[in-house]
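Notes follow the structure.
As the structure lists them, so they are numbered: ligands from 1, and atoms in each ligand from 1. What you see is a predicted model; the values in this text were computed from it and never measured. The chain is numbered in sequence order, starting from 1.
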Amino acid sequence: MSRYWSDIVHRLVPYVPGEQPALAKPVKLNTNENPYPPSPRVLEAIRAELGETAESLRRYPDPVAKRLRAAVAKHHGIRADQVFVGNGSDEVLAHAFQALLKHDKPILFPDITYSFYPTYARLYGVEYRTVPLDEQFAIRVDDYLPANGATNGGVIFPNPNAPTGHALPLAEVERLVAGNADSVVVLDEAYVDFGTQSAIALIDRYPNLLVVHTTSKSRSLAGMRVGFAFGHADLIDALNRVKDSFNSYPLDRLAQAAATAAYEDAAWLATTSKRVMESRERLSAALASLGFEVVPSAANFVFARHPAHDAAQISAKLREKEIFVRHFNAPRVNQHLRISIGTDDECNALIDALKTIVG
Ligand SMILES: *Cc1c(COP(=O)(O)O)cnc(C)c1O
């Protein structure tokens, strides 16, 4: 606290990211990073960009990331003017709050969801109302429809949801988007590549739909910070206006080269995502056999609780063994743990440790 702080800083409640422990070989299942490396083409592209002397770094990068947007548009079968790029999808989401969700009515998002949303709402002075998930942690679309009294200045939620991993079928997503024609619906598809149908197919039909993606999870590039938004060119224009009033060069040269290469290697994405999904099913079954209740997951993590053991205590005991999972001290979910899918060795280490803790 300081008298030099601006008013808004006094009121902020910053997001707290998962711990990055300074250990040689932690079993790190707490931030949903991919357990596999990015496509080998990523390293080649970074080397090519640097060349022998890193000469290219003398120059500013392309401010509109033209090559990258073209590669991503091609991958998704859309036009480049329907693609926005930012420094991680967190930055893309932040711009969406300011450019598209700040209106005179409160926005809606689930009571259990990505905890960055209320943080952005406070940063940009966007009013919000949370809508309870049902008992199975599913989004009830009817609760978001203005026709049912849920008037709003916008809607935002992840699909699959975080930290539950629960996915809403595309037909239900469409019903929500179609029923909110007067406001923007932001769909955060950070985990879509682990088995959920993307709503990108809907952007041509719904000018109020913005779909947000990241390279951090399925493309193993959390360290590069590259995220996207897909939507009607007018929505993309709004994001670009905020971006160019904030930072014209959000993506450095290496990030642009790396992400372009990652999108050009669809086979790598398919192979690594499949491995993660297979490990997810094995880990879910192993947890269930130890007595955990596991929410069916469509993401690269599982959300589970043990009816007889306190979640915070399990997390602390795992930590002593240098195994890191995520515990949220929040209403309705403070007895759950969110566990990222690791390599099979990491999943086995977790299960072995849990056998001694809850067994
Ligand atoms: C991980 C995550 C993001 C952030 O991704 P970055 O691109 O790394 O900023 C956004 N939304 C949700 C729901 C996430 O879990």
Worksheet item: Checking R275 against Y36: charged group under 6.0 Å from the ring centre and within 45 degrees of the axis?
Response: yes

Fill in: cation_pi(R338, F303) dist<6.0 Å, angle<=45
no

Practice prompt. Evaluate the criterion side chain to side chain contact (heavy atoms under 4.5 Å, CB included) for residue pair V83 and I236; output intermediate values, then yes/no.
Written response: CA-CA 7 Å; V83 180; I236 302 306; over 6 Å; no

Worksheet item: Quick one: do F157 and L133 end up in the same hydrophobic cluster if we chain Ile, Leu, Val, Met, Phe, Trp and Tyr together by side-chain heavy atoms under 4.5 Å apart?
Response: yes

Pick out the protein N or O atoms lying less than 3.5 Å from any N or O of ligand 1, and list each pair with its distance.
unit_1: ligand 1; atom_1: 5 (O); unit_2: S89; atom_2: OG; d: 3.0
unit_1: ligand 1; atom_1: 7 (O); unit_2: S89; atom_2: N; d: 2.6
unit_1: ligand 1; atom_1: 7 (O); unit_2: S89; atom_2: OG; d: 2.9
unit_1: ligand 1; atom_1: 7 (O); unit_2: T214; atom_2: OG1; d: 2.5
unit_1: ligand 1; atom_1: 7 (O); unit_2: S216; atom_2: OG; d: 3.3
unit_1: ligand 1; atom_1: 8 (O); unit_2: S216; atom_2: OG; d: 2.6
unit_1: ligand 1; atom_1: 8 (O); unit_2: R225; atom_2: NH1; d: 2.8
unit_1: ligand 1; atom_1: 8 (O); unit_2: R225; atom_2: NH2; d: 3.3
unit_1: ligand 1; atom_1: 9 (O); unit_2: S89; atom_2: N; d: 3.3
unit_1: ligand 1; atom_1: 9 (O); unit_2: D90; atom_2: N; d: 3.0
unit_1: ligand 1; atom_1: 9 (O); unit_2: D90; atom_2: OD2; d: 3.1
unit_1: ligand 1; atom_1: 9 (O); unit_2: R225; atom_2: NH2; d: 2.8
unit_1: ligand 1; atom_1: 11 (N); unit_2: D188; atom_2: OD1; d: 3.3
unit_1: ligand 1; atom_1: 11 (N); unit_2: D188; atom_2: OD2; d: 2.7
unit_1: ligand 1; atom_1: 15 (O); unit_2: Y191; atom_2: OH; d: 2.5
unit_1: ligand 1; atom_1: 15 (O); unit_2: K217; atom_2: NZ; d: 3.1

Item to complete: Look at the aromatic rings of Y114 and Y117 and report parallel, tilted or perpendicular, splitting at 30° and 60°.
Response: perpendicular

Discussion item. For the aromatic rings, using the six-membered ring if either is Trp, is the centroid distance between F328 and H336 under 6.0 Å?
Written reply: no

